[in-house]
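From a predicted model like this one, the values you see are computed outputs, not experimental measurements. This chain uses plain numbering: 1 for the first residue, then up along the sequence.
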Amino acid sequence: QVQLVESGGGSVQAGGSLRLSCASSGDIESSNLMGWFRQAPGTERERVACIYQRSVKTYYADSVKGRFAISKDSAKNTVYLQMNSLKPEDTGMYYCAAVRYCATTGVERWGQGTQVTVSS
């Protein structure tokens, strides 16, 4: 069983940066990808970025391309989301997930989430 715990969220001014971490336990390599998703109040949860477990391939939502970077440290069983040039519209609850494919419907295991608030 995979367990995911997010950390690193907080409040930041527009233009600032945050680095989210997702510590995992269990057989994380059994999932095809690890991903970050987010949900703002009154909106559907959306995919932000995914990283494939067995290749160099990554996915980024168009809204975060060039600003966010997903990475992982396999030795630490941790996946990261470096968020730069943050905008108020990036505000939301960010969830780490083990995913079969990079979509909310492909999620096999969710973390509990960490709040990111970006003020203008």
> When clusters are formed by joining ILVMFWY residues with side-chain heavy atoms under 4.5 Å apart, either directly or through shared neighbours, do Tyr59 and Leu81 land in the same one?
Replying inline: no
>> Could you report the tightest heavy-atom contact between Ser31 and Glu108, atom names first, then the distance?
In response: OG-OE1, 2.7 Å
> So, Arg47 side chain and Cys102 main chain: donor-acceptor pair closer than 3.5 Å or not?
Replying inline: yes
>> I need the Arg67 CZ to Tyr60 OH distance, nearest 0.5 Å.
In response: 12.0 Å
> Can Tyr80 and Arg19 be counted as having a side-chain donor-acceptor contact under 3.5 angstrom?
Replying inline: no
> What distance do Lys87 atom NZ and Ser63 atom OG have between them, rounded to the nearest 0.5 Å?
Replying inline: 8.0 Å
>> With rounding to the nearest 0.5 angstrom, report the NZ to CG distance, Lys57 to Leu33.
In response: 8.5 Å
> Does any N or O in the side chain of Arg109 come within less than 3.5 Å of the main-chain N or O of Val2, such that one atom is a donor and the other an acceptor?
Replying inline: yes
>> Please give me the minimum heavy-atom distance between Ser120 and Ala14, naming the atom from each residue.
In response: CA-CB, 4.2 Å
> Salt bridge between Asp62 and Lys65, side-chain N to carboxylate O under 4.0 Å?
Replying inline: yes
> For the residue pair Ser21 and Thr78, what are the closest heavy atoms and their distance?
Replying inline: CB-CG2, 4.3 Å
> Do Val79 and Tyr95 share a hydrophobic cluster (ILVMFWY, side-chain heavy atoms under 4.5 Å, transitive)?
Replying inline: no
>> Test of understanding: clusters of I, L, V, M, F, W, Y form through side-chain heavy atoms closer than 4.5 Å, transitively. Do Leu4 and Met93 belong to the same one?
In response: no
>> Tell me whether Glu6 contacts the main-chain N or O of Gly113 through its side chain, where contact means a donor paired with an acceptor under 3.5 Å.
In response: yes
> Restricting to pairs with a member in residues 20-57, which pass ring-ring contact (aromatic ring centres under 6.0 Å, His included), not counting sequence neighbours?
Replying inline: Phe37-Trp110
> Are Asn32 and Val99 close enough that some pair of their side-chain heavy atoms sits under 4.5 Å apart?
Replying inline: no
> Which value, rounded to the nearest 0.5 Å, describes the distance between Glu89 atom CD and Leu86 atom CG?
Replying inline: 10.0 Å
> If you measure from SG on Cys50 to OH on Tyr101, what distance do you get to the nearest 0.5 Å?
Replying inline: 11.5 Å
> Roughly how far apart are Gln39 CD and Thr91 OG1, rounded to 0.5 Å?
Replying inline: 13.5 Å
> With the 4.5 Å side-chain cut-off for hydrophobic clustering, are Val64 and Leu18 part of the same group?
Replying inline: yes
>> When you group the ILVMFWY residues by side-chain heavy-atom contacts below 4.5 Å and let the links chain together, are Met83 and Met34 in the same group?
In response: yes
> So, Gln82 side chain and Ala69 main chain: donor-acceptor pair closer than 3.5 Å or not?
Replying inline: no
>> Quick check: do Thr104 and Glu44 have side-chain heavy atoms less than 4.5 Å from each other?
In response: no
>> Taking the side chain as everything from C-beta on, heavy atoms only, tell me whether Asn84 gets closer than 4.5 Å to Phe68.
In response: no
> Side chains of Ser24 and Asn77: is there a donor and an acceptor less than 3.5 Å apart?
Replying inline: no
